[in-house]
Every structure is written in structure tokens, then in C-alpha cells.
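Here, residue 1 is the first one in the sequence, and each next residue gets the next number.
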Amino acid sequence: MYFELPGTNMRLIGSMHLLPSGSPGLPEWVVNAYEWCEELVFESDPSTIIDHLCPTIGVSLKKHLTPATWETLQTLWPESANFPPIESVQPWAVSLFGTTFSSSLSAGVENLFLQWAAEQSKQVYFLESAEELVSTLDRAPIDDVVQSLELLAADLSAPQRSIEAMYQAWITMDLAAMHDIAAQSPMFQNPKLRQIILEGRNLAWVSMLLNKMASPKRTLVAVGALHLCGPGNLLTLLGRDAQRIYQK
């Protein structure tokens, strides 16, 4: 979950983008990783994606779903001036945020690190823009997204159980357990969605990270923990002998 790349000033951590509400928060090893670094690298800026959820060409998700699933998702979706209505967002966004809206969550690694970095003037970089992220997610086949949504609607309590189990694995730095838990989630049960969300993006990030390895500054790369395990994981793609850092 926490790795160093010998011969470089770069370390990587597997993050959790959101934490279960009521959890103790960040474990000591995550805080130590932040304190070690002089600059940070994240997947993308979480504050920028909301403006890119609506397609330029209308996509009718409703007609692809069973009436019961559509009704369940409508009930789940928030009515907020700051968030687009469910009828106007991309199908993948309903799957992505539907899982979030069905859970009780608090700020995760990225939001906290960005806040601290702003207060301490640490340099922050992103591996992809909101436009690049959305372009990638737009490739998710509608049938596979629909399948994930039907699974979500069938058991709205599953995401909460999953994130709580993942949090317990995360705080103990058990990357293999996190992978096994996530593999049962509606989105990652589908190999095509996994390839798009994890493996494809990992590959796109490699060149930037190889360039950042030359930085004389202590650089911490914080990406979702699932990017560091399974097929096409980021550590393997970087082609370096990553060594685990074991801390509390």
C-alpha cells in the first residue's frame, strides 16, 4: 500500500478517495507519507469533474434499465443545484456516483492532502485532466454500465459494506484483501469496466511518472489503491523494483 522506488525520490501510496463516515480517519502511515513529501501527484482534480458529467449528445439511460432500477436510482440521486439531475448525466456517472450516494462517507486522502498542501504551499500535479478522465470513461460500453447499475439497485447496502471492509484492509496495508473486496463490487465485477477505469488509465500515466522520477524533490504519488494491484497495475507498468514501506 506504501512503496518506494529505489534510486529515485518517488514514493507511491494506495489511497482511498472516500472514507466511511465515523471512521478514525487516515492511518499513521498515510500521514507520514504526506509529511515525507515535498510535492504531490494525484490522479485528477476531484473538484473539476462535476462540470463534465453531461454529454454533448443526449444519452437516454432510462430506456436501457428496468423500470424498478430506474425508480431506485432516481430515489437515490440527490436534488442539488450543485449536481446535475440524473436524466442529464452520462451513464457511467450514474454508476460511479450512485455507489457514492448509496453510502455514508467522509473526505478521503485526496481532499485532505489537497487542503494540507494548499495551507503549506506544497506543489501539486495531476496525472490527467477532467476532460481526459471523462474521455476515458465515455468508452465504457452502455451494456456493461447497465449491468453494474442493475447490480447496484438490487442491493443498495452493498457499497457501504464494501467500503467499510476496504477501509479495514487499507488501514492495515493489506492490498491483496482490498483487491478481493473490490472485485465483488458492481463496477469491478465487469472486466471491461475494470480495464477502462484502472488498467487503461494506468498505462496512460506511465510516461508522466517516469519523467517525475527525475525530480530532485521528494515526490509522493497518491492513486486509488486498486491501481496498484491486479492485472496491468501501475507498479508493474513502471518497471521498477518497488519496495514496500511497512509502518503503522
Side-chain angles (χ1 to χ4, degrees), residues 1-47 105-128 133 163-182 197-198 201-202 204-230 232-248:
M1 206 75 74
Y2 184 18
F3 299 88
E4 62 181 348
L5 301 178
T8 77
N9 286 316
M10 180 177 287
R11 293 182 178 181
L12 295 89
I13 63 167
S15 78
M16 286 192 71
H17 304 316
L18 295 164
L19 307 181
S21 293
S23 66
L26 302 184
E28 184 178 349
W29 63 268
V30 175
V31 177
N32 288 345
Y34 172 83
E35 292 176 345
W36 168 85
C37 77
E38 297 174 287
E39 58 184 26
L40 293 130
V41 179
F42 299 109
E43 295 179 29
S44 56
D45 186 345
S47 68
L105 304 169
S106 60
V109 171
E110 287 78 8
N111 283 338
L112 293 171
F113 277 15
L114 283 168
Q115 176 185 331
W116 298 346
E119 294 168 352
Q120 300 169 22
S121 300
K122 287 192 179 185
Q123 185 68 52
V124 172
Y125 300 90
F126 297 103
L127 293 168
E128 61 193 0
L133 174 58
I163 197 164
E164 289 177 359
M166 289 181 68
Y167 177 78
Q168 292 303 316
W170 183 65
I171 60 175
T172 58
M173 308 178 77
D174 192 339
L175 191 58
M178 283 195 76
H179 175 268
D180 291 344
I181 295 162
I197 296 169
L198 297 177
R201 293 168 68 213
N202 286 348
W205 298 341
V206 168
S207 59
M208 180 176 177
L209 289 175
L210 291 176
N211 289 334
K212 290 298 293 178
M213 283 183 196
S215 173
K217 294 186 177 180
R218 296 188 301 275
T219 303
L220 180 66
V221 180
V223 295
L226 299 180
H227 287 281
L228 303 183
C229 56
N233 72 76
L234 191 56
L235 294 171
T236 299
L237 291 174
L238 288 173
R240 305 297 291 254
D241 184 22
Q243 297 183 2
R244 287 180 180 266
I245 300 173
Y246 292 97
Q247 297 186 359
K248 293 182 179 179

Contacts of Lys122 meeting side chain to side chain donor-acceptor pair (under 3.5 Å) (sequence neighbours excluded), chain-then-number -> none
Would you be so kind as to tabulate the donor-acceptor pairs closer than 3.5 Å made by side chains of residues 221-229, with sequence neighbours excluded?
from: His227; atom 1: ND1; to: Asn202; atom 2: OD1; distance (Å): 2.7

Taking all non-hydrogen atoms of both residues, which atom of Gly232 and which atom of Leu237 are closest, and how far apart?
-> O-CD1, 3.4 Å
Side chains of Ile13 and Phe3: closer than 4.5 Å at any heavy-atom pair?
-> no
Any pair with a residue in residues 214-224 that passes salt bridge (charged side-chain N to carboxylate O under 4.0 Å, His left out), sequence neighbours left out, goes on the list, sorted by first then second residue, please.
-> Glu38-Arg218
Excluding sequence neighbours, so at least two apart, what forms side-chain contact (heavy atoms from CB on, under 4.5 Å) with Asn111?
-> Pro46, Ala107
With sequence neighbours left out, what residues match Thr172 under side chain to side chain donor-acceptor pair (under 3.5 Å)?
-> none
Would you give the length of the straight line joining atom CZ of Arg244 to atom CG of Leu12, rounded to the nearest 0.5 angstrom?
-> 12.0 Å
Would you check, one step at a time, whether the test ring pair (Phe, Tyr, Trp, His ring centres under 6.0 Å) holds for Trp29 with Trp36?
-> CA-CA 10 Å; Trp29 63 268; Trp36 168 85; over 10 Å; no
Run the side-chain contact (heavy atoms from CB on, under 4.5 Å) check on Leu5 and Gln243 step by step: do they pass?
-> CA-CA 6 Å; Leu5 301 178; Gln243 297 183 2; over 6 Å; no
Taking only residues two or more places apart in sequence or in another chain, which ones pass salt bridge (Lys or Arg N to Asp or Glu O under 4.0 Å) with Glu164?
-> none
If you round to the nearest 0.5 Å, how far is CG of Asp45 from CG of Leu133?
-> 11.0 Å
Rounded to the nearest 0.5 Å, what's the gap from CG on Leu209 to CG on Leu127? Could you check?
-> 5.0 Å
May I have the step-by-step check of side-chain contact (heavy atoms from CB on, under 4.5 Å) for Gln168 and Trp170, ending in yes or no?
-> CA-CA 5 Å; Gln168 292 303 316; Trp170 183 65; over 6 Å; no
Tell me, which pairs form a side chain to side chain donor-acceptor pair (under 3.5 Å) where one or both residues lie in residues 7-25, sequence neighbours left out?
-> Tyr2-Arg11, Ser15-Glu110, His17-Glu43, His17-Glu110, Ser21-Ser104
Contact check, side chains of Leu40 and Phe126, non-hydrogen atoms, under 4.5 Å | no
Are the side chains of Met16 and Met178 in touch, meaning some heavy atoms are under 4.5 Å apart?
-> yes
Stepwise side-chain contact (heavy atoms from CB on, under 4.5 Å) test for Val41 and Thr219 | CA-CA 7 Å; Val41 179; Thr219 303; 3.8 Å; yes
Calculate, to the nearest 0.5 Å, the distance between atoms CD1 and CE belonging to Ile171 and Met1 respectively.
-> 10.0 Å
pair Met10-Glu4: side-chain heavy atoms closer than 4.5 Å = no
Do Val124 and Phe42 have side-chain heavy atoms sitting under 4.5 Å apart?
-> yes
Sub-4.5 Å side-chain heavy-atom contact between Leu105 and Leu19 | no
Contacts of Gln120 meeting side chain to side chain donor-acceptor pair (under 3.5 Å) (sequence neighbours excluded), chain-then-number -> Tyr34
Donor-acceptor under 3.5 Å (Asn211 side chain, Met208 main chain) = no
Looking at residues at least two apart in the chain, or sitting in another chain, which of them share a side-chain contact (heavy atoms from CB on, under 4.5 Å) with Ala177?
-> Ala169, Asp174
Rounding to 0.5 Å, atoms CD1 (Ile181) and CE (Met166) come to a distance of 6.5 Å
Lys212 side chain near Glu39 side chain, heavy-atom distance below 4.5 Å = yes
